[in-house]
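Just below is one structure, and these are the notes that go with it.
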Amino acid sequence: MVTVSITTFPQVVLSQVKPFVEAVKREAKEEACVDVEVGPVAFVYEYQPTKSNYIYGDTHSVGITFECELKSGSYPKLPQKPDPKQTDVKWIPISELHLIQLYPEINQDIVDYYNGNKYRNYVEEQEIQQKQLR
């Protein structure tokens, strides 16, 4: 048996109309036990099943990633009742981002954003898959 570790950001499913920033703060608290300052939108990720050969199922989804900073005195840890597939919580330094498998695979985009370089702020899954085939 092979175990693969994939890192994801805390994910919000909006079931009622709530401000995104409040939802981001809530999910960071629920999934990583941290308080964060929420900054601007950094990335928008879109998965379109028909354009990506249904590799992640048949549900169209859009993810919005915000720039966040840990508030002073806040340290990430696994919550007492984590999501069933959640195995760990880490706040990874930018310098170590290349060492992990991130979903969606926007590691270099995050580094470029952080460094003030040109980056893709709108990412479609099929672009990621095409890039991997090259």
Side-chain angles (χ1 to χ4, degrees):
M1 175 197 258
V2 175
T3 302
V4 177
S5 176
I6 297 176
T7 303
T8 63
F9 296 109
Q11 298 175 7
V12 177
V13 176
L14 296 176
S15 56
Q16 3 179 339
V17 179
K18 290 186 179 180
F20 281 122
V21 170
E22 293 308 312
V24 170
K25 289 178 182 179
R26 184 189 72 239
E27 286 301 309
K29 188 70 164 178
E30 288 178 6
E31 295 186 21
C33 300
V34 293
D35 293 310
V36 294
E37 288 292 335
V38 180
V41 170
F43 302 95
V44 175
Y45 164 82
E46 184 172 16
Y47 168 68
Q48 300 171 61
T50 57
K51 291 185 175 183
S52 301
N53 295 317
Y54 299 90
I55 60 172
Y56 299 121
D58 60 2
T59 302
H60 182 213
S61 62
V62 174
I64 302 171
T65 302
F66 289 82
E67 178 181 324
C68 293
E69 288 188 34
L70 288 174
K71 286 188 175 182
S72 180
S74 193
Y75 302 98
K77 65 180 180 180
L78 202 59
Q80 287 184 348
K81 294 182 180 180
D83 290 339
K85 294 184 180 181
Q86 185 178 1
T87 60
D88 200 1
V89 172
K90 294 180 182 177
W91 198 270
I92 300 170
I94 294 291
S95 62
E96 296 176 16
L97 204 54
H98 67 283
L99 301 174
I100 64 165
Q101 182 177 357
L102 182 64
Y103 173 80
E105 295 177 21
I106 58 172
N107 304 51
Q108 188 58 50
D109 296 292
I110 294 171
V111 171
D112 290 340
Y113 172 84
Y114 179 79
N115 290 327
N117 299 328
K118 186 176 179 180
Y119 70 99
R120 300 177 298 174
N121 62 345
Y122 172 69
V123 182
E124 295 178 284
E125 180 59 41
Q126 70 267 17
E127 289 177 3
I128 294 171
Q129 297 304 315
Q130 290 169 355
K131 188 176 178 181
Q132 289 176 345
L133 294 174
R134 291 182 207 149

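These numbers come from a predicted model, not from an experiment.
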### Task
Check whether any side-chain heavy atom of C68 sits under 4.5 Å from a side-chain heavy atom of V24, and report yes or no.
yes
### Main-chain N/O of H98 paired with N107 side-chain donor or acceptor, under 3.5 Å
no
### Summary
In this structure, CD1 of I106 is separated from CZ of F43 (nearest 0.5 Å) by 5.0 Å
### Query
Does K25 come within less than 4.0 Å of D35, counting only side-chain N to carboxylate O?
no
### Query
Do you know the tightest heavy-atom contact between C33 and S74?
O-OG, 4.3 Å
### Query
So do the side chains of E125 and Y103 get within less than 4.5 Å of each other, counting heavy atoms only?
yes
### Message
For Y119, run the side-chain contact (heavy atoms from CB on, under 4.5 Å) check against N121, N117, V123 and tell me which one passes.
### Response
N121
### Query
Less than 4.5 Å apart, any side-chain heavy atom of E46 and any of V62?
yes
### Query
Under 4.5 Å between any side-chain heavy atoms of T65 and Y113, yes or no?
no
### Query
About how many Å separate NZ of K90 and CG of L78, when rounded to the nearest 0.5 Å?
11.5 Å
### Task
Check the surroundings of atom OH in Y75: do more than 12 heavy atoms from other residues, nucleotides or ligands lie under 6.0 Å from it?
no
### Message
In the structure I gave you, are the side-chain heavy atoms of L102 and I92 within less than 4.5 Å of one another anywhere?
### Response
no
### Message
The criterion is side-chain contact (heavy atoms from CB on, under 4.5 Å); which residues satisfy it with P49, sequence neighbours excluded?
### Response
Y47, Y54, H60
#### Entry: 4.5 Å side-chain heavy-atom contact, P76 and L70
yes
### Summary
Output for pair (E105 CD, I100 CD1), nearest 0.5 Å, gives 10.5 Å
### Query
Is there side-chain contact between Y114 and L97, with heavy atoms separated by less than 4.5 Å?
no
### Message
Determine whether a donor-acceptor pair (N or O, by modelled atom type, separation under 3.5 Å) exists between the side chain of Q86 and the backbone of E31.
### Response
yes
### Message
Membership question, hydrophobic clusters at under 4.5 Å side-chain separation (ILVMFWY): are L99 and I94 in the same one?
### Response
no
### Query
More than 12 foreign heavy atoms under 6.0 Å from NZ of K77: is that the case here?
no
### Distance (rounded to the nearest 0.5 Å) between R26 CZ and K29 NZ
13.5 Å
### Message
Does the plane of the ring in F66 sit parallel, tilted or perpendicular to the ring in F20? Use 30° and 60° as the thresholds.
### Response
tilted
### Message
Counting only heavy atoms from other residues, nucleotides and ligands, does the tally under 6.0 Å from CD of E69 exceed 12?
### Response
no
### Query
What is the minimum heavy-atom distance between W91 and V34, and which atoms define it?
CZ3-CG2, 4.4 Å
